[in-house]
Amino acid sequence: MDQELRELYQQVILDHNKSPRNFRKIDKHTNFAEGFNPLCGDNVDIYLILDEDKIIDISFQGSGCAISKASASLMTSILKGKTVEEAEKIFNKFHLLVTDKLGDNPDIEDLGKLAVFAGVREFPARVKCASLAWHTMINALHNKNEKVVTE
Amino acid sequence: MPVKNDSAIIQKSIYNVEKIRKDFPILQTFVHGKPLVYLDNAATTQKPRFVIDRINHYYEKINANIHRGVHALSQEATEEFESARIIIKNFINALGKNEIIFTRGTTESINLVASTFGKINVHEGDEIIISHMEHHSNIVPWQMLCKEKNAVLKVIPVNDSGELITEEFVKLISPRTKFISVVYASNSLGTVNPVKTIIDIAHQNGIPVLIDAAQAINHIPIDVQELDCDFLAFSGHKIYGPTGIGILYGKINHLEAMPPYMGGGDMISKVTFEETTYNELPHKFEAGTPDIAGAIGLGAAIEYVKKIGLDNIAAHENELLMTATESISDLKGLRIIGTSKNKIGVLSFHLENIHPHDVGTFLDFEGVAIRTGHHCTQPLMKRFGVPATSRASFGLYNTKEEVSILVNGLKKILEVFG
């Protein structure tokens, strides 16, 4: 496989695509938002249980490519137990990473497993795939009802 | 599954695809270090040197505005522009060149009819019929008209093979049906619709019909007098011509009765502040300076296609479609969307648990360009229960080797995602 392609489709991403974590609906959620990419038809629903400012539980449902599914799966794994402020901080860093705004040798240790999305930088057309779940999560945190639309 | 016909075998020996490929400069391109395998012809086709040269010739030697100058260049440009109209008129066998209107493409052609013919003939409570396999460009203009007029949009259903259900179409017709607009060949399924039957049934009920020939124009010989369609729309860029130019064919009596679409220069014969007299056809519908180079380029593209022969092209593409269909049919989890016997060279498919966008990205690294997505036919995707498909579409320059590269690429994807 081509090196660039291998960096995009890392094993972690293929694994989360095949067996996505937290892929379920939370019936008794406190927060919810839906996201949609009209260009490719990807959609994601994010469910949250917030206790004051702490994320007690987070899950997702929807359909999309490997990048978007793995991104939602990893996001939910990492954000469980975090505070709203921490979640927003991680989102900001993640967004800078996939949009290639962290420079050539970015310090991404704090992103943990999310670092596998660094390969997305080389694929501008796929940035929306990686970030759709995250934008939707931010809306869910603030219980904004308007649908997130990325294109 | 497409049917193998004898003509495909007969033509094979004289169809020199390697020679044809040399006519297209872009086919020398490399993508990610691999030779370009361009299988996205239903989105847009590549342009032969013959077309590029004619466009260059216009800009380098005769660039001037048309229909208004007495100087030499303007006259020459007008002559080339109007010759293109005659080439197109002959290509679809229209009765006269005044029935050929230059537009920006199929979308504008359909919008033109909806906003002029539709405006004067469709009223509150009337009905318009389209089909479930329409491109958004043959849905939205009619939806807009229905909203404005409080009219009703009715939809011919599609069966599991991706064919129109003709019996259901007949049931949709009522005394309130004022217009029918259907696609000749589907861009997402490849299905060739029985448009002649549809037109005949419509006319028995006194209903005019528009045929969206965007995908059919470079595969199926079209004779508008034999078809007897009231309108026909297509784009230049799907038939090896430039983007930004297209055609609306309309029967002369309709075009004469229709109000203008846009006001401006070229579409008038006399203007005062009190009143304007509109220009005669076809100029009444061609306000403003048109895409002159585009029209000349489209004329050249049609000359090029005619030289090879639409029948030969169709036979070649059918052979590629059959080879590809056979080769991918036994791939694990692969479902072909659109399995009509009567198809143009369009192969849409869905791989179980692998999203088309991932397929598209992987194939790109093999040099293979295909389309992935909803193909501007969201209602149709919903009908087949998929968010999107991967689509390979063949053109006159594609080869069996390229089909193999596509199939091998798909096998690699199955290995990675399996």
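Just so it is clear: chains get the letters A, B, ... in the order the sequence lines come, proteins before strands, and each one is counted from 1.
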Using non-hydrogen atoms only, which part of B:Phe417 is less than 4.5 Å away from chain A: side chain, backbone, both, or neither? both
Segment of B:Val416 engaging chain A (4.5 angstrom heavy-atom cut-off): both
Does any non-hydrogen side-chain atom of A:Asn37 lie less than 4.5 Å from one of B:His357? no
Proximity breakdown for B:Thr372 and chain A, heavy-atom pairs closer than 4.5 Å: neither
What part of A:Leu8 gets closer than 4.5 Å to chain B, counting heavy atoms only: side chain, backbone, both or neither? side chain
Which portion of B:Glu366 sits near chain A, non-hydrogen atoms under 4.5 angstrom: neither
Identified side chain to side chain contact (heavy atoms under 4.5 Å, CB included) partner of B:His355 from the options A:Ser63, A:Cys65, A:Cys129: A:Cys65
Before accepting this row, confirm whether a basic side-chain N of the pair A:Asp2/B:Lys34 lies closer than 4.0 Å to the acidic partner's carboxylate O. no
Please rank B:Thr361, B:Asn353, B:Asp364 by heavy-atom pairs under 4.5 Å with chain A and give me the top one. B:Thr361
Would you say the ring centroid of A:Phe123 lies under 6.0 angstrom from that of B:Phe362? no
Test side-chain contact (heavy atoms from CB on, under 4.5 Å) on B:Asp358 and A:Arg126; report intermediate values, then the result. CA-CA 10 Å; B:Asp358 298 317; A:Arg126 307 303 294 273; 2.9 Å; yes
Of the backbone (N, CA, C, O) and the side chain (C-beta and beyond), which part of A:Asp42 lies under 4.5 Å from a heavy atom of chain B, both, or neither? side chain
Flag yes if more than 12 heavy atoms outside B:Arg21 fall under 6.0 Å of its CZ atom; otherwise flag no. yes
I would like to know whether A:Asn17 and B:Ile354 meet side-chain contact (heavy atoms from CB on, under 4.5 Å); could you show each step before the answer? CA-CA 9 Å; A:Asn17 172 51; B:Ile354 308 176; over 6 Å; no
CZ-CD distance between B:Phe365 and A:Gln3, expressed to the nearest 0.5 angstrom: 10.5 Å
Listed by number, the residues in residues 106-113 of chain B that come under 4.5 Å of chain A (heavy atom to heavy atom) are none
